[in-house]
Structure formats: structure tokens, C-alpha cells
Asks: 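Quick one: the structure is below, and I'll ask about it shortly.
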Amino acid sequence: MALLNFRKKAEPGALVLPEVEAFLKDYSIEVMPRTAAKVDAFRDYLPKGTRVYIAHIEGTPIEEMVETAKRLNADGYNVMPHFPARIIPDQATFENWVAMYQGEADVKQALVLAGGPTTPLGAFDSSIQLLETGVFDKAGFTHLHVAGHPEGNKDIDPDGSMKNVSDALHWKNNFQELTDANMAIATQFCFDAKPIIAWADKLAEQGITLPVHIGIAGPAKLQTLIKFAIACGVGPSLSVLQKRAMDVTKLLLPYEPTDVVKELALHKASNPDFNIESVHFFPLGGIKTNANWAIDHGGSSTKPANA
């Protein structure tokens, strides 16, 4: 079973599978204000029009989030900031954040999620509560994405089941009938294609029609992946990483998502109705490293001028 790929990065000019190129077309990527500040010119790495999520970590001032969104928007990117319910103290703050994003950065897209803290800062505990306010619809947001967990989430389902995450996705699937915004599921990052395929197929069987943007960890050191996997509550994949870490010869070699992306791409090509619509990258080894990997593997039909 292909889980991780520790081969060297694809050489420029190497054969790119058309299935992989098609699967990586219109991929999205995630940044934080502090990581975005390290990139002098995003246009050197990301094609114009790429959707860029901005992760809102607890403690990050909203002004830094908005300034990052403003910069990315000015550079020609589709900006989608996170709205983590548990770090928003009240409705007035929520409405103010939306107004700041719109007024200063022309933001019309949002990833709506519960957020990392276990204890809410104020009135909101879940993404459902944010959606129910109607604030996004009143503001004319065109895209609303919600979180998905192919391997489950122990914070949401402490018993290890998928009941609560499944119930939440059913609610959000029904909510798409009540909003004019385009909705999709953006998932936690995963390392193994087979469970991803099984999870996505089960969603379709249950009548969940929201398209899936599958989370993929970008190239990174194994130690970095383990750290983030623990922090983000990644499930079965974590044991795979821990097993790899026991082998010193592999510990120093970089991970690349080649195998998992290839397997998903080939499955998508053979099953056109497969509900995974695109790839969402978590650049755990750096934005530049991830963007260059995507370029080398056919990640866009329109490549940056300086690539």
C-alpha cells in the first residue's frame, strides 16, 4: 500500500502524468500571516487566481489577517480567510471582522470552522452557529467552505466514531440549499489514498453532495510532519509517520506527496463522478517548497513567469 514517498524531487522536465496535472489544476494552498511575510513575491511561485486560505491561529490580531488578505488580493489571488468560531467572542466582533475583510481586502470567501481551542472564547462553539447567523449571506459571500475529517476527529468524536462529524456534514450539506454561496468541504491533511477514497465514497452514498477539496501535506521533513500531525489530531496516518521515524535512514529524507496524489489522480480519472474536486495543500515544509513541487508535477496549466 503506497503511503509515503521519500524519493527525490521530480527533476524539471521529467514526465508529468496528465491525470496528475488535471488533478492538481486549480489547487489551493494555505498560509499564515507570519509565513506569508517570508515570501517576497507570491507571483514567483503561485499562478494568478490561486485560492489562498489564510489560517487564523488564536492570538493573531485581526489586523494582521486583514493586511495579509489585502496583499494577496492585490497580487491577484482568491483569498479565503479562516473564521474559527471558538476564537470569536461575540456577534459584533464577527460582523466587524467580515466588514474589515470586505472593506479593506475585498474578501468574498470564507473557510468556516470550529477552530482549535477546546473552550470557546465567547458566544460561538461551532461553524454551524456562525453559518446560522446569516452574516455571510448578508455580506454577499460567494464561497463558503467547511471542514472535513476523513480520519475522524477525537475532539469532535471522543469515542473514535464518526457520528458527530457525519451529523455536522449532513447539516452543512442541507445548509447549501439556504445560501447563495458555493459550498465545499476542505479536509484535514491525509497521507493514504485508500481511506480517503473510501471516506469520499461513503459521503456520496449518504447523499452528501458537497464537493471535496482534499487536504494534502506538502513536502516537508518527517519530524515536521509528525509535529503537525500530533497538533492537528491526524488519525491513522500518525502511526505510519511514527513508524517511519524509527528508521534513521528515512528520518533525514524529505517526504513528498507524490504517491498519494498520483493514486487519487488516477482514481479520479477512472471515476469522473468521484466527489474530490481539487487538492488543498498544507505547506508544512514551506510555501516556496510546496509551490515548486506543484509546478514540477504539473500543478497548473498557467505557470508563473519566473518558475
Asks: Using only heavy-atom distances, determine whether the side chains of Thr179 and Asp137 contain a donor-acceptor pair under 3.5 Å.
Replies: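 Yes - a donor-acceptor pair under 3.5 Å links their side chains.
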Asks: Do His297 and Leu24 make a side-chain contact, defined as non-hydrogen atoms from C-beta onward lying under 4.5 Å apart?
Replies: yes
Asks: Nearest 0.5 angstrom please: His56 NE2 to Ile62 CD1, how far?
Replies: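 Rounded to the nearest 0.5 Å, the NE2-CD1 separation comes out at 5.0 Å.
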Asks: Relative to the ring of Phe191, is the ring of Phe189 parallel (under 30°), tilted (30 to 60°) or perpendicular (over 60°)?
Replies: perpendicular
Asks: Could you walk me through whether Phe94 and Phe136 pass ring-ring contact (aromatic ring centres under 6.0 Å, His included), step by step?
Replies: CA-CA 10 Å; Phe94 177 33; Phe136 291 119; 5.2 Å; yes
Asks: Would you call Glu19 and Lys268 a side-chain contact if the rule is heavy atoms closer than 4.5 Å?
Replies: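 No, side chains not in contact.
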Asks: Answer yes or no: is there a donor N or O on one side and an acceptor on the other, between the side chain of Arg71 and the main chain of Ala105, under 3.5 Å?
Replies: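 Here the side-chain-to-backbone pair does not exist.
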Asks: Can you tell me how far CD1 of Ile214 sits from CD of Gln188, rounded to the nearest 0.5 angstrom?
Replies: 10.0 Å
Asks: Can we say Glu263 and Lys194 salt-bridge, meaning some charged N sits less than 4.0 Å from an Asp/Glu carboxylate O?
Replies: yes
Asks: Indicate yes or no: at least one non-hydrogen side-chain atom of Gln91 is less than 4.5 angstrom from one of Val135.
Replies: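 Gln91 reaches Val135 side chain to side chain.
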Asks: Are there more than 12 heavy atoms of other residues, nucleotides or ligands under 6.0 Å from atom CG of Asp180?
Replies: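 Incorrect, the count does not exceed 12.
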Asks: For residues Met32 and Ile57, determine if any side-chain heavy atom of one lies less than 4.5 Å from a side-chain heavy atom of the other.
Replies: yes
Asks: Grab the two heavy atoms, one from Ser166 and one from Gln206, that are nearest each other, plus how far apart they are.
Replies: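 Ser166 and Gln206 have their closest heavy atoms at OG-OE1, 3.7 Å.
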Asks: How about Ile185 and Leu203: do any of their side-chain heavy atoms sit closer than 4.5 Å?
Replies: yes
Asks: Just by distance, with hydrogens left out, do Thr93 and Asn96 show a side-chain donor and acceptor under 3.5 Å apart?
Replies: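 Short answer, no.
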Asks: Evaluate ring-ring contact (aromatic ring centres under 6.0 Å, His included) for Phe274 paired with Phe23, printing each intermediate quantity in order.
Replies: CA-CA 12 Å; Phe274 186 48; Phe23 191 61; 7.8 Å; no
Asks: Quick check: do Arg51 and His213 have side-chain heavy atoms less than 4.5 Å from each other?
Replies: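 Touching, per the 4.5 Å side-chain cut-off.
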Asks: Please give me the minimum heavy-atom distance between Val20 and Ala265, naming the atom from each residue.
Replies: CA-CB, 3.8 Å
Asks: State, to 0.1 Å, how close Tyr255 and Val260 come at their nearest heavy-atom pair, and which atoms those are.
Replies: OH-CG1, 4.1 Å
Asks: Output the rest of the hydrophobic cluster of Tyr53: all Ile, Leu, Val, Met, Phe, Trp and Tyr residues reachable through side-chain heavy-atom contacts under 4.5 Å, sorted by chain and number.
Replies: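 Cluster partners of Tyr53: Met80, Leu111, Leu113.
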Asks: Does either side chain, that of Gln176 or that of Asn173, offer a donor lying less than 3.5 Å from an acceptor on the other one?
Replies: yes
Asks: Do any N or O atoms from the side chain of Thr187 and from the backbone of Gly215 form a donor-acceptor pair under 3.5 angstrom?
Replies: yes
Asks: One pair to check against ring-ring contact (aromatic ring centres under 6.0 Å, His included): Phe141 and His143. What are the steps and the verdict?
Replies: CA-CA 6 Å; Phe141 271 51; His143 292 78; over 10 Å; no
Asks: Do Tyr77 and Arg43 come close enough that some side-chain heavy atom pair is under 4.5 Å?
Replies: yes
Asks: Determine yes or no for a side-chain-to-main-chain donor-acceptor pair under 3.5 angstrom, with Thr50 supplying the side chain and Leu46 the backbone.
Replies: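 No, the answer is negative, given that no donor and acceptor are paired below the 3.5 Å cut-off.
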Asks: Identify the heavy atoms of Ala85 and Ser126 that sit nearest to each other, and give their distance.
Replies: CB-O, 3.3 Å
Asks: Should the ring pair Phe175 and Trp171 be called parallel, tilted or perpendicular, given that the plane angle runs from 0 to 90° and is split at 30 and 60?
Replies: parallel
Asks: To the nearest 0.5 angstrom, please state how far the CZ atom of Arg86 sits from the CG atom of Asp125.
Replies: 5.0 Å
Asks: Do you see a donor-acceptor pair shorter than 3.5 Å between the side chains of Thr133 and Lys138?
Replies: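 Side-chain D/A pair, Thr133 to Lys138: absent.
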Asks: Consider only side-chain heavy atoms of I, L, V, M, F, W and Y, link residues closer than 4.5 Å, and tell whether Ile128 and Val112 are in one cluster.
Replies: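 Per the 4.5 Å side-chain linkage, Ile128 and Val112 are co-clustered.
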Asks: Can you check whether Tyr101 and Phe83 have ring centres sitting under 6.0 Å from each other?
Replies: yes
Asks: Less than 4.5 Å apart, any side-chain heavy atom of Ser28 and any of Phe281?
Replies: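 Side-chain contact under 4.5 Å: no.
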